[in-house]
Participant: 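Below: one structure in structure tokens.
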Amino acid sequence: MAIAEVTVIPIGTGSTSLSSYVAELQRVLEKQEGIKFTLTSMSTIIEGALDDVFAAIRAIHEAPFQAGAGRVSTSIKIDDRRDKASSSEQKLQSVREKL
């Protein structure tokens with residue numbers, strides 16, 4: 001199971017507000033199979049098999065282009081743990097137990 005933190009920034013949109021683009025990215029993610037995702041105030045967390053995560057990232061990277069953006073900057077951070085099952089919730093719970 002891979003966990004990715006993804007930030008997609010359309011450039012040259014004519015506005016400093018990006019919430020309409022973010023909303024569209026969430027709609028695109030709802031159509032992706034094999035993943036779970038969570039919107040945060042600064043990024044989106046995507047969880048699933050690595051191939052499914054990469055497919056979802058590609059889909060949301062392409063979405064601003066389809067909405068008219070001429071340039072898109074996408075930042076990706078991936079935690080791919082293979083020695084045992086992992087999830088965002090499990091990682092948070094592990095920290096809570098230590099508090």
Participant: Shortest non-hydrogen contact from A4 to I78?
Facilitator: CB-CG1, 4.0 Å
Participant: Tell me which one of I46, V22, T74 satisfies side chain to side chain contact (heavy atoms under 4.5 Å, CB included) with I60.
Facilitator: I46
Participant: Does E89 form a salt bridge (Lys or Arg N to Asp or Glu O under 4.0 Å) with K36? I'd like the steps, not just the answer.
Facilitator: CA-CA 12 Å; E89 183 53 38; K36 184 174 133 181; over 6 Å; no
Participant: Hey, are S87 and E47 close enough side-chain-wise for a donor-acceptor pair under 3.5 Å?
Facilitator: no
Participant: A quick test of your reading: do over 12 heavy atoms of other residues, nucleotides or ligands sit less than 6.0 Å from CZ of R82?
Facilitator: no
Participant: Minimum heavy-atom separation for L18 to T13, with atom names?
Facilitator: CD2-OG1, 4.2 Å
Participant: Can you confirm whether R81 is buried at CZ, in the sense that more than 12 heavy atoms of other residues, nucleotides or ligands lie under 6.0 Å from that atom?
Facilitator: yes
Participant: Shortest non-hydrogen contact from I3 to K91?
Facilitator: CD1-CD, 3.8 Å
Participant: Does CD in E97 sit with more than 12 non-hydrogen atoms of other residues, nucleotides or ligands closer than 6.0 Å?
Facilitator: yes
Participant: Within the structure provided, determine whether Q32 and F37 are in side-chain contact (heavy-atom separation under 4.5 Å).
Facilitator: no
Participant: Quick one about E5 and T44 (side-chain donor to acceptor, distance below 3.5 Å, no hydrogens or angles considered), yes or no?
Facilitator: no
Participant: Any carboxylate oxygen within less than 4.0 angstrom of a Lys/Arg side-chain nitrogen, looking at E24 and R27?
Facilitator: yes
Participant: Quick check: closest heavy atoms across M42 and T7, and the distance to 0.1 Å?
Facilitator: O-OG1, 3.4 Å
Participant: Indicate the atoms forming the closest heavy-atom contact of D80 with M1, along with that distance.
Facilitator: OD1-O, 4.0 Å
